[in-house]
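One structure is given here, and the rest of the page talks about it.
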Amino acid sequence: MAGSIFDHLQEEVQDIIGRYPVKRSALLPLLNLAQREEGYVSEEAMKAIAALLDLTPPQVYETVTFYTMFNLKPIGKFHVQVCKSLMCALVGSDDVIEWIREKLGIRVGQTTDDGLFTLSVVECLGSCATGPMMQINDDYYERLTKETVCRILDELKQQGDCPLKSGPFMVPEPTS
Amino acid sequence: MSQETGQPTVTLTIDGMTITVPKDTLVIEAARQAGVMIPHFCYHPKLAPDANCRMCFVEIEKMPRLQTSCSTKVAEGMVVRTTSPTVQQARKSVLEFILANHPLDCPVCDQGGRCDLQDFSHEYTPPVSRFTELKRVFPKEYFSALIETQMNRCVQCLRCVRYCDQVMDVKALAPQGRGTLTEIKSFGHHELDCEFCGGCVQICPVGAITSRLSMYEFRPWMLKRAETICGYCGDGCEITLQTKENRLIEVNSTLGGGRNNADLCARGFFGYHASTHPDRLTTPLVRKDGHLVEVTWEEALETVAAQVGWVKDEYGPEAIGGLISARCTNEDLYLFQKFMRLVLGTNHLDSSVRYGYMNAIEAFRRVQGLHRWTVTFDDVVAADTLMLIGTNVTETNPITGLKIKEAVKQRGARLITLESLKPVRGTISNIATLATHHLELSPDQFGIGVLGLIKAVFEQGLVDSALEQEAPEYVGALRTKIEAITWDRLLAHSTLTPSMFHAAVRTFEQGARSIVVVGQGVLRSPGGYATMVNIHDVLLLLGRLDRPGCGIAALAEENNEQGAIEMGAVPDLLPGALPVSDPEARRAVAASWGQEPPRTPGLTMMEMIERAKTGHLKALFVVGENPLGSLPPSAGVAEALDRVELLVCQELFLTETAQRAHVVLPACSYAEKDGTCINTEGHTQAVRKAIEPLGESRPDWEIFSALSVLLDSPMEYETAKDLTKEIRNMIPASRVLGPAPLPPRPDREVLRRYILGGYRDDLDGRLTPPPVTKTTGTMTLSFAQSLFHSGKFSTKAKGLLKIQSAGVANLNPQDAERLGVRTGDRIEIRNEGGSAITPVRAWERVPEGVVVFPEHFDQDLRQVMSVTVDPRTGVPYCKLARVSVEKV
């Protein structure tokens, strides 16, 4: 497809498709790739994937809407995903959401006007022992308090990074 | 083991009844055969079991839990209970869950009265729900101009999605979201863009997907039904026309009915309003002082009788000609030719089979000695190898297309396509995407493609050894001729390679049940007849022509083209497709008619037009045909019509031709008359009257009958049935309804004559690739049929016009980029014949160098076409032109 978001990723795309005996199996990895590139899965990306995998765009749309972690709309530079499952809820995830709302003025599902932050709630991120917690982009932030939440958001806004992160979640833990 | 069929069977007990069914039958089907209806939503006999609705639970002894009867196969000794308290309880629970969300809007729902959920609720649900939660509410969204969705009513059985994928191969519908919040949509919030076959509307068990054409118009019990045959393409689908107070309300189709088995296309499902368009002619018109004025039937008929009588007396019967549309019923066609031959005494009569189908019939008659397919739709479904040549099958004959899709998708047949299509998937199905071997050709190259097949057969050494022994000269002559043509010359203008042809014929040769389907791309392009004979050669060489389950299927464009042949509505054939020149056939016909048909050879359509131009043809009857609107201006139809002294048109609408007529007689459409027609595979089917004729319009046959009385050779019939009886008596072995009566095998004698010498007379001509005409910068313009229209008739159907209301030139995106245009821009198409400006669309499936334009909207563009007439069959070729294209 001319002008597709995959133009500069030809090699990676072919590598992904080449992994599977059935082309259609490459759908999820390609959607991941599209989201990595643009932050969300655009309609253009879905059409491009459909053409690559011999599917129709509605079939791709079907898959995208089944999974909650694909974004259908552009999101902020930092995607704040607060765990609201039972364990975190017991130790105050509602407070975390409220702190973020106070700090940034956005509710769940909204993006700040400067396009930096989008707030979502998600199901269990498997970090129950360290709740309340949230994931921003790929990084975990655990044992949150009002102060740490403010500091994280401030530093992300100013420096684009924050040392309070405990890093991406990994299973099993890296044995370095 | 069943005694009769030898098929393994299984005996089981359902609700105490013992029943024997074939092995692998589903419990739900076995129950139905035992007379037990198990409630269900997601199960449908046309679809693979999905077992998602859980409504069809049954208790099976020795199985631990309730089983879904739609996905459980029968087993020997199985004991099934469908009405036990446990089962009842399960049904209740399933319905309670569905109704937790289903709105109580039956009074405004079009499905009311024929809704599965309504019926099952009456039967199984408690009157009060235990749910106190709010129901889910989907915001209303515009879905499409013809199909309405009301997702609050959806029971998420996914029948629509599965039908769209498994049967139609369209995949335009998909469930979106998950759980209770699943909605059926197309691509996000975009409007539905699909084949509009209406399958989802028909298969939805509730009112979630309905037709906007009949919204809020009816309750099912108000409708009168007429089972009839669709008037569009040659597939001859059975449809149920539903009417209220003499108005057409909607179309349905019945599972297990007709040749289509409930499948329809956009034309069949949404195109029914063409018959009752407000422009319909409802009174006879006679030209007075240069204007057509309304008159009584008596006056109009007397005018025609007086004038045609005068022409006959003055100039003889040879000065009279007639043309009839192959959309008429057998009864109309039969009486037309009888009227022309007996009452007027001329063989100058022709029908719209002359636009292309005649090429197939002449080739069939020459090589196989018959005038029909040797295969049926059932053979197509059962075929293991299929080859499509220039068919564009989804667009021209959508239901034949479905048979091919079924063969490929569900039975694993191999498909070889020689099509002018790029195998790009979209939400209009593309048969090339299903092909094992796809040979992409420009629409003017199908003849070359077939030559390539012959060459490949020889190069791969696949010639049938029995044939080589029986007719070494034939094989030798073909080999010599084809060897003289180099691949370079054959493939000069395509991207194909010889090895692609080799692979294709090798695959084709492996099949035991091999069928070639030939379409308009061959039959309506220059050299159509020669290519058709060459296709016979391919099958002969491979030893596949005279084998059960093998054969050539040529697709008819109009619904009764096969009928026009069998009724003798062509100059050189009498009823039963017997040659006029055969004295024995003439005697047989005379025995029934009481008079011999005229002996003088008749003229084809183009010959009549030429004769009229020179002033030798004085009177012309045109029945439902519109040569002025179908042929390009260069054919000189206007000049010809200006010169005839009497032009009589029997028409539904005041067409271009009818506007020049001296007398216009209002005829009625297929919805208003009884009769029969024969579909492209040779099935005779009944056309039944659904509404009373509009205004004063009358069936065509009645008009001929009335005229015959005034012309003193009365041919009187009380009803169409009397004519059906006469036809049946005249045509040997013909039946009232049903499949072709002839044994569907080629005539061995004729076949022998062909391979022992008959092939020779035009061998040089037909085994020569057409001269190279391509020059850079020019493109091939192809007038092609659209999926949403059929001829010009469908352009009166308001439903179809909502999908496609104007002509758009389709270009490959690369060509569009080269020309600097995008979808929606305008281009000028030009050649020595003239020029026209048209909007453009970039469409991935169009091959490079080709402009595809829907023939239904060709009014302004027809001038760029020139006409060449086939030397043997008289078919006018005017669907292809070389043009230059520019952005405007």
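We name chains A, B, ... by the order of the sequence lines, and we start the count at 1 in each one. Below, each value reflects all heavy atoms present in this structure, side chains not excepted, and no hydrogens, waters or symmetry copies.
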Report which part of B:Val424 has an atom under 4.5 Å of a heavy atom belonging to chain A: side chain, backbone, both, or neither. neither

Assess whether a salt bridge exists between A:Arg151 and A:Glu147, defined as any Lys/Arg side-chain N lying under 4.0 Å from an Asp/Glu carboxylate O. no

Please find the pair of heavy atoms, one from B:Val885 and one from B:Met779, that lie closest to each other, and give the distance. CG2-SD, 3.7 Å

Could you check if a side-chain atom of B:Leu192 sits within less than 4.5 angstrom of a side-chain atom of B:Leu173, using non-hydrogen atoms only? yes

Taking only heavy atoms into account, what residues of residues 64-78 of chain A are found under 4.5 Å from chain B? A:Thr65, A:Phe66, A:Tyr67, A:Thr68

Could you grab the distance from atom CG of A:Asp95 to atom NZ of A:Lys146, nearest 0.5 Å is fine? 9.5 Å

Below 4.5 Å, heavy-atom pairs only: which of B:Pro175, B:Ala172, B:Ala174 has the largest tally toward chain A? B:Pro175

What residue, out of A:Thr63, A:Val60, A:Thr56, A:Leu55, has the most heavy-atom pairs lying under 4.5 Å from chain B? A:Thr56

A:Glu123/A:Lys84 salt bridge by N-O under 4.0 Å criterion: yes

Can you find a heavy atom in the side chain of B:Phe143 that is under 4.5 Å from one in the side chain of B:Arg212? no

Is the closest side-chain heavy-atom distance between B:Asn52 and B:Leu158 below 4.5 Å? yes

